[in-house]
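All ligand and atom numbering here is 1-based and tracks the order in the structure. Residues take their numbers from the sequence shown, with the count starting at 1. Values below: every heavy atom of this structure, side chains too, minus hydrogens, waters and symmetry copies. Keep in mind that what you see is a predicted model, and the values were worked out from it rather than measured.
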Amino acid sequence: MKVQNKTILVTGGGSGMGRELVLHLLSKDAKVIAIDINEASLNETAGLAGDKRSLLTTFIIDITNKSAIEKLLTDAIAEFGYVDGIINNAGIIQPFIKVNELKYEAIERVMNINFYGTLYMIKTFLPHLLTRPEAHIVNISSMGGFLPVPGQTIYGASKAAVKLLTEGLHSELIGTNVKVSVVFPGAVNTNITKNSGLNVPAQPAAESKAIKTLLPAKAAQIIIDGMEKNLYRIIVGRDALFMDLFCRLNPKGAASMISKKMKYLLPG
Ligand SMILES: NC(=O)c1ccc[n+]([C@@H]2O[C@H](COP(=O)([O-])OP(=O)(O)OC[C@H]3O[C@@H](n4cnc5c(N)ncnc54)[C@H](O)[C@@H]3O)[C@@H](O)[C@H]2O)c1
């Protein structure tokens with residue numbers, strides 16, 4: 001779906017890829033509803049909108065709060081009359097801890113934000129999207145949704161759930177006006193670790209040289225291009241493209257390579 005003059009809602013619009021998605025959509029003359037749990041960072045995003053500020057509306061919302069999302073639909077329609085697309089981007093990672101030692105509280109937090117938050121958005125907005133001439137749902141999964149990373153097993157499970165939710169939704173919506181895309185970013189240079197309330201693990205010099213991260217603005221451009229081309233899968237970054245292929249050819253070999261490469265995440 002072309003985004004110009006459409007109304008698109010972005011979750012997690014206060015930081016990283018979400019912020020850049022908001023700014024990129026505005027640059028293409030879309031009307032944007034940006035939501036985030038973090039008021040200060042969402043205000044910063046609004047401050048970067050420049051002469052497109054009038055096209056942007058922001059709401060402070062926790063996506064794990066189902067009734068707040070139901071109210072958001074009403075508020076969004078009151079403001080713009082309709083919504084044509086939603087980009088479910090808000091997400092967090094888990095503490096760098098093996099499942100055996102990870103507390104249920106941390107597990108539930110990750111699943112509630114990454115999976116249930118995305119699901120609440122979809123179930124709330126889909127009936128409205130089905131009434132639009134054309135509409136689009138974009139869900140941000142992760143390379144970690146098809147490739148196991150030690151110390152991020154529950155994060156990976158939440159993103160694998162987003163992957164299958166999106167692919168199933170795509171099949172269910174074939175023949176309707178609602179297009180569906182799933183996004184698999186590789187490593188993108190954002191503050192997700194800090195924003196998830198975690199310390200950034202020290203990275204060995206050799207690894208930090210080897211891991212090339214993508215700028216969030218580039219990631220946003222790839223995502224919106226993919227959305228405008230109605231792609232089924234949007235793969236973001238060379239690392240994700242390579243691992244997507246490697247995982248199909250040799251899933252155990254791919255898992256073993258990542259396990260060795262990311263060993264530093266789990267000292268001891
Ligand atoms: N950065 C990466 O390398 C990477 C790789 C693959 C996938 N992803 C995924 O991309 C998405 C964006 O990540 P990012 O790296 O830009 O992270 P980020 O931390 O920069 O941005 C995420 C935003 O989501 C918001 N958020 C968190 N919990 C929320 C909640 N309950 N309700 C509303 N907003 C909430 C945060 O406040 C933050 O502004 C996430 O879903 C993440 O899992 C990131």
Heavy-atom distances under 4.0 Å decide this one: backbone, side chain, both or neither, for [X] against ligand 1?
X    : result
S141 : backbone
T190 : side chain
I61  : backbone
N195 : side chain

Report yes or no: does a heavy atom of [X] sit under 4.0 Å from some atom of ligand 1?
X    : value
A187 : yes
K159 : yes
G186 : yes
F184 : no
G144 : no

>> Just by distance, no angles: are the side chains of S15 and N195 close enough, under 3.5 Å, to form a donor-acceptor pair?
In response: yes
> Without hydrogens or angle criteria, can the side chains of N65 and S67 be said to hold a donor-acceptor pair below 3.5 Å?
Replying inline: yes
> Does a side-chain N-to-carboxylate-O contact under 4.0 Å join E79 and K31?
Replying inline: no
> Sub-3.5 Å donor-acceptor pair from the side chain of T118 to the main-chain atoms of N88, do we have one?
Replying inline: no
>> Can you list everything that forms a side-chain hydrogen bond (donor to acceptor under 3.5 Å, both in side chains) with E44? Sequence neighbours excluded, please.
In response: R19
> Considering only heavy atoms of M17, which atoms of ligand 1 have at least one such atom less than 4.0 Å away?
Replying inline: 4 (C), 8 (N), 10 (O), 16 (O), 44 (C)
> Which ligand 1 atoms, with their elements, are less than 4.0 angstrom from a heavy-atom of I113?
Replying inline: 28 (N), 31 (N)
> Starting from atom 36 (C) of ligand 1, which protein heavy atom do you reach first, and at what distance in Å?
Replying inline: D36 OD1, 3.5 Å
> In the hydrophobic clustering (ILVMFWY, side-chain contacts below 4.5 Å, transitive), which residues join Y82, or is it alone?
Replying inline: none
